[in-house]
Trainee: 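I'd like to ask you about the structure that follows.
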Amino acid sequence: MRIIHLAPIAFSVMAIISPVSAAGIVFGPIKAQPGQSIRLVTHSETPGGTIQRNYAGRSSNGTINITRDRELVWTFREPAADGTRRGMVRVPNITTSSVIKINGKEEKTNDQSPLVGKMFAMSKPPTGDWKFELDGSVPLTRIRSEIEELTVYLKRDWYPTRELKVGDSWEFDPAWVKMVIQKDLHKAQTIGTMTLRQVRRSATKEIALIDISIRSTGSDFRPDGSESSAAVELKGQVVVNLATMLDEELELSGTVTSSTGKTGELTTVKLPIRLKATKSFVREAR
């Protein structure tokens with residue numbers, strides 16, 4: 001499984017800003033100033049998660065709590081002469097911790113990615129995909145899922161290019177959200193919908209409030225007769241700064257339900273999910 005702070009000040013700012021009757025807005029690429037990097041912080045937790053195991057006619061019940069934290073700093077460079085996009089990513093933190101209690105026994109795990117503390121280059125040729133240049137200090141097999149997550153993040157394309165008015169809705173691909181929550185769910189069938197709920201303006205900024213709905217189901221049958229399935233229902237909102245086009249805040253909540261096993265053996269996990277993410281511009285020390 002792969003599961004993912006919302007700045008409290010954002011809500012106090014929203015309390016004093018007033019809605020505007022926008023004629024229409026068009027989302028575009030992020031507008032960073034020279035020397036600026038983008039800091040992404042994500043946190044997800046599963047408060048009140050449950051686990052049920054059925055084996056040989058016996059049933060066991062327990063609790064499961066998973067916390068995942070990510071902090072990444074992205075720095076994009078000017079494209080190369082041939083149009084190749086370039087940049088660097090620094091990884092201050094990627095950790096996952098879990099506590100499982102069942103049948104009176106408690107199991108705790110705390111996993112920190114080998115990428116923590118590292119910085120590496122990334123590039124994308126005009127007709128290719130994003131690639132990361134690692135230093136070879138950790139086996140690729142150990143960090144494959146993290147690299148895949150970074151690649152999917154860079155490929156995000158959430159907003160249409162057409163002009164949007166308040167009330168407009170559109171479909172989007174929430175592949176990155178799915179990977180952050182549950183690593184195997186990115187193969188599932190998913191419906192992701194966004195709706196432009198409001199455009200607000202304060203003395204310092206203009207923002208777009210976008211409602212998000214994600215529903216996903218999927219299953220996998222293996223040759224040994226076992227089956228795994230998962231379903232996700234999430235709702236929340238994203239806040240986009242219209243001056244910089246930076247999606248500064250993302251908050252989602254909902255439920256992930258998964259089951260795995262075969263005849264006579266079944267494990268079912270139900271996880272209430274709370275996911276928060278913030279983005280901000282920072283200046284990296286030289």
Side-chain angles (χ1 to χ4, degrees), residues 1-8 10-11 14 40-52 61-71 94-101 145 148-149 152-153 155-159 167-198 208-220 227-240 247-260 266-279:
M1 285 184 137
R2 174 161 298 276
I3 306 193
I4 318 189
H5 197 108
L6 210 64
F11 292 103
M14 288 182 197
L40 169 65
V41 177
T42 64
H43 171 82
S44 67
E45 56 187 6
T46 65
T50 61
I51 180 170
Q52 182 178 50
N61 297 289
T63 61
I64 178 171
N65 290 282
I66 302 171
T67 302
R68 288 188 168 92
D69 288 286
R70 304 283 190 275
E71 181 181 354
I94 297 181
T95 58
T96 301
S97 60
S98 64
V99 179
I100 300 175
K101 298 179 181 180
S145 61
E148 186 177 1
E149 181 183 320
V152 171
Y153 171 80
K155 293 169 63 177
R156 291 185 324 147
D157 187 17
W158 284 4
Y159 312 110
D168 285 352
S169 297
W170 63 94
E171 292 185 355
F172 76 106
D173 181 7
W176 176 68
V177 172
K178 290 187 294 179
M179 289 192 69
V180 167
I181 293 174
Q182 187 170 344
K183 67 179 182 180
D184 295 324
L185 203 63
H186 63 286
K187 299 178 182 178
Q189 298 298 313
T190 301
I191 298 175
T193 304
M194 288 185 169
T195 301
L196 180 58
R197 173 160 52 92
Q198 201 170 58
L209 301 179
I210 301 171
D211 290 331
I212 304 176
S213 174
I214 299 173
R215 299 181 63 186
S216 182
T217 59
S219 58
D220 183 29
E227 175 187 359
S228 62
S229 62
V232 165
E233 288 199 18
L234 297 171
K235 290 186 178 181
Q237 75 168 20
V238 62
V239 178
V240 180
D247 44 328
E248 296 179 334
E249 303 165 12
L250 168 68
E251 182 173 19
L252 292 169
S253 62
T255 304
V256 175
T257 304
S258 63
S259 62
T260 183
L266 182 66
T267 299
T268 301
V269 176
K270 186 174 183 179
L271 300 174
I273 295 288
R274 289 204 298 253
L275 182 153
K276 298 179 181 180
T278 59
K279 279 186 191 171

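Being a predicted model, the structure only gives us computed values, none of them experimental.
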Trainee: Roughly how far, to the nearest 0.5 Å, is CD1 of I212 from CZ of R197?
Mentor: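 If we round to the nearest 0.5 Å, R197:CZ and I212:CD1 are 10.5 Å apart.
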Trainee: Can you name the closest pair of heavy atoms from Y159 and I210 and give their distance?
Mentor: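 Closest heavy-atom pair between Y159 and I210: CE2-CD1, 3.7 Å.
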Trainee: Between W158 and W176, how do the two ring planes meet: parallel, tilted or perpendicular, split at 30° and 60°?
Mentor: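 W158 and W176: tilted rings.
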Trainee: Locate the shortest heavy-atom distance separating T42 from A277; write the atom from each residue and the value.
Mentor: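 Between these two residues, the closest heavy atoms are CG2-CB, 3.7 Å.
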Trainee: Could you tell me the separation between the OG1 atom of T193 and the NZ atom of K235, rounded to the nearest 0.5 Å?
Mentor: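 Answer rounded to 0.5 Å: 10.5 Å.
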Trainee: Walk me through whether K270 and T50 qualify under side chain to side chain contact (heavy atoms under 4.5 Å, CB included).
Mentor: CA-CA 5 Å; K270 186 174 183 179; T50 61; 3.6 Å; yes
Trainee: Roughly how far apart are L40 CG and E71 CD, rounded to 0.5 Å?
Mentor: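 Spacing of CG (L40) from CD (E71) equals 9.0 Å.
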Trainee: How long is the span from the CD1 atom in I191 to the OG atom in S213, to the nearest 0.5 Å?
Mentor: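 Rounded to the nearest 0.5 Å, the CD1-OG separation comes out at 8.5 Å.
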Trainee: Quick one: are T190 and I214 in side-chain contact, heavy atoms under 4.5 Å?
Mentor: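 With C-beta onward as the side chain, the pair touches.
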Trainee: Is the closest side-chain heavy-atom distance between V239 and L209 below 4.5 Å?
Mentor: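 SC-SC contact between V239 and L209 confirmed.
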Trainee: Does a side-chain heavy-atom distance below 4.5 Å link H43 with T67?
Mentor: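 H43 vs T67: side chains touch.
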Trainee: Decide yes or no for T96 and I66: does some side-chain heavy atom of the first lie under 4.5 Å from some side-chain heavy atom of the second?
Mentor: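 Heavy-atom side-chain distance check passes, below 4.5 Å.
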Trainee: Working to the nearest 0.5 angstrom, can you tell me the gap between T257 OG1 and E233 CD?
Mentor: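 Rounded to the nearest 0.5 Å, the OG1-CD separation comes to 8.5 Å.
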Trainee: Taking all heavy atoms of T195 and all of G167, pick out the closest pair and write down the distance.
Mentor: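 Reported closest heavy-atom pair: CG2-O, 4.0 Å.
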Trainee: Evaluate the side-chain proximity of L252 to I273: yes if any heavy-atom separation is below 4.5 Å, no if none is.
Mentor: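 No, every pair of side-chain atoms sits at 4.5 Å or beyond.
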Trainee: Given side chain to side chain donor-acceptor pair (under 3.5 Å), test S229 with S259 step by step and report yes or no.
Mentor: CA-CA 5 Å; S229 62; S259 62; 2.9 Å; yes
Trainee: More than 12 heavy atoms of other residues, nucleotides or ligands under 6.0 Å from CZ of R215: yes or no?
Mentor: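 Counting other residues, nucleotides and ligands, CZ of R215 stays at 12 neighbours or fewer.
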Trainee: Can you confirm whether N65 sits close enough to E45 that some side-chain heavy atom of one is under 4.5 Å from a side-chain heavy atom of the other?
Mentor: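 Result no, sub-4.5 Å side-chain heavy-atom pair not found.
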Trainee: Taking the side chain as C-beta and beyond, is there a heavy-atom pair between T267 and I51 under 4.5 Å?
Mentor: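 Yes, side chains in contact.
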